[in-house]
Amino acid sequence: MRAVLDTNVILAGLLSSAGASHQILRAIPMGLFDMLVSVPLLLEYESVLKRNDTLVETGLTLDEVDAFVDVLTKFSVPVTPFFLWRPMLRDPKDDMLLELAVAGAADCIVSFNIRDLLPARARFGIGLERPKEFWKIIRR
């Protein structure tokens, strides 16, 4: 299974060890699915995780964020989107997820924000899963 993880899933997984998002993060180095990333998405992960309020909430240091992003990079499949589908979705950051998913032949995008991604399913047939449902799929 090839998947793109929205930044909200990464953040949720770091904020709580009790939810599906955390389990998905733990599954990345185990190879339960192929996590697709692009340079812009990795930069977004890093930017969000290095915000002062996020550092306080997660208890991570800047060095720990760097190490975390390095681990994600090591265990992910790099994809370079070659065609921009913008504007397709309301949020330009969601367009970035869509472009990555299309270029990487993703089976799904994992996000808490399914509603705003619905045009991706309609036009490209890309699955949209909330973390809880995605965790059920990959742990089988």
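Atoms considered below: every heavy atom in the structure, side chains included; atoms not considered: hydrogens, waters and symmetry mates.
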> E46 pairs by side chain to side chain contact (heavy atoms under 4.5 Å, CB included) with which of T7, L41, L62, V69?
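It is V69, the one option of T7, L41, L62, V69 that forms the side chain to side chain contact (heavy atoms under 4.5 Å, CB included) with E46.
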> Check for me, please, whether V56 and L49 land in the same ILVMFWY cluster - side-chain distances under 4.5 Å, paths through other members count.
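In one cluster: no.
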> Report yes if the distance between the aromatic ring centroids of F134 and F33 is under 6.0 Å, otherwise no.
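Yes: the rings meet the under 6.0 Å criterion.
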> Do L72 and I10 touch side chain to side chain, with heavy atoms closer than 4.5 Å?
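A side-chain contact under 4.5 Å exists here.
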> Go through the steps for F68 and L25 under the test side-chain contact (heavy atoms from CB on, under 4.5 Å), then give the verdict.
CA-CA 10 Å; F68 175 75; L25 293 182; 4.1 Å; yes
> Count the heavy atoms belonging to other residues, nucleotides or ligands that lie under 6.0 Å from CZ of R26, then report whether that count exceeds 12.
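Open.
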> With side chains defined as the heavy atoms from C-beta onward, is the minimum distance between M1 and D34 less than 4.5 Å?
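Contact flag for M1/D34 side chains = no.
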> Working to the nearest 0.5 Å, report the span between CD of E133 and CD1 of I114.
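E133 atom CD to I114 atom CD1 measures 8.0 Å (nearest 0.5 Å).
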> Might you point out which heavy atoms bring I24 and P131 nearest each other, and give the distance in Å?
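Heavy atoms only, the tightest pair is CD1-O, 3.5 Å.
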> Distance check, rounded to the nearest 0.5 Å: L118 atom CG versus R123 atom CZ?
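The CG atom of L118 sits 15.5 Å away from the CZ atom of R123.
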> Going by heavy atoms in the side chains, are I109 and I126 under 4.5 Å from each other?
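Yes, at least one pair of side-chain atoms sits under 4.5 Å.
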> Taking D6 for the side chain and V110 for the main chain, is one N or O donor matched with an acceptor at less than 3.5 Å?
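Answer holds: no.
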> Mind running side-chain contact (heavy atoms from CB on, under 4.5 Å) on S111 and L117 for me, showing each step along the way?
CA-CA 9 Å; S111 178; L117 295 166; 3.8 Å; yes
> Suppose we screen for side chain to side chain contact (heavy atoms under 4.5 Å, CB included). Which residues come up paired with D70, at least two apart in sequence or across chains?
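Result, side chain to side chain contact (heavy atoms under 4.5 Å, CB included) vs D70: none returned.
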> Look up atom CG in L32 and atom CD in Q23, then write down how far apart they are to the nearest 0.5 Å.
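Going from the CG atom of L32 to the CD atom of Q23 covers 10.5 Å.
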> Do you know which two heavy atoms are closest between G104 and V79, and how far apart they sit?
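Shortest heavy-atom separation between G104 and V79 comes out as N-CG1, 3.7 Å.
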> Say whether, by atom type as modelled, one donor and one acceptor occur between the side chain of S16 and the main chain of A18 under 3.5 angstrom.
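Yes; at least one donor-acceptor contact below 3.5 Å.
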> Out of curiosity, T73 OG1 to M35 CE, how far, rounded to the nearest 0.5 Å?
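Separation between the atoms: 8.0 Å.
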> Please answer: with hydrophobic residues joined when any side-chain heavy atoms are less than 4.5 Å apart, are F112 and L15 in the same cluster?
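Linked, F112 and L15 end up in one cluster.
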> Quick one: does L5's side chain get under 4.5 Å of Y45's, heavy atoms only?
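Sidechains of Y45 and L5: in contact.
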> Is there side-chain contact between D66 and K50, with at least one heavy-atom pair below 4.5 Å?
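They are in contact (side-chain heavy atoms under 4.5 Å apart), so the answer is yes.
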> Membership question, hydrophobic clusters at under 4.5 Å side-chain separation (ILVMFWY): are V39 and V48 in the same one?
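No.
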> Side-chain heavy atoms nearer than 4.5 Å, only ILVMFWY residues, links allowed to pass through others: does that put V37 and V77 together?
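As far as the 4.5 Å side-chain criterion goes, V77 and V37 are connected within one cluster.
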> Going only through I, L, V, M, F, W and Y residues with side-chain contacts under 4.5 Å, is there a path from M96 to F124?
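Same hydrophobic cluster.
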> Under 4.5 Å between any side-chain heavy atoms of P81 and S38, yes or no?
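Result yes, sub-4.5 Å side-chain heavy-atom pair found.
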> Should the heavy atoms of other residues, nucleotides or ligands under 6.0 Å from CG of D53 be counted, would the total exceed 12?
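It does: D53 CG has more than 12 such atoms within range.
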> Has T58 got a side-chain atom pairing as donor or acceptor with T54's backbone, closer than 3.5 angstrom?
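Yes, the answer is positive, given that a donor and an acceptor are paired below the 3.5 Å cut-off.
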> Testing the basics here: between G59 and E64, what is the closest heavy-atom pair and its distance to 0.1 Å?
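Looking at all heavy atoms of both residues, the closest pair is O-OE1, 3.9 Å.
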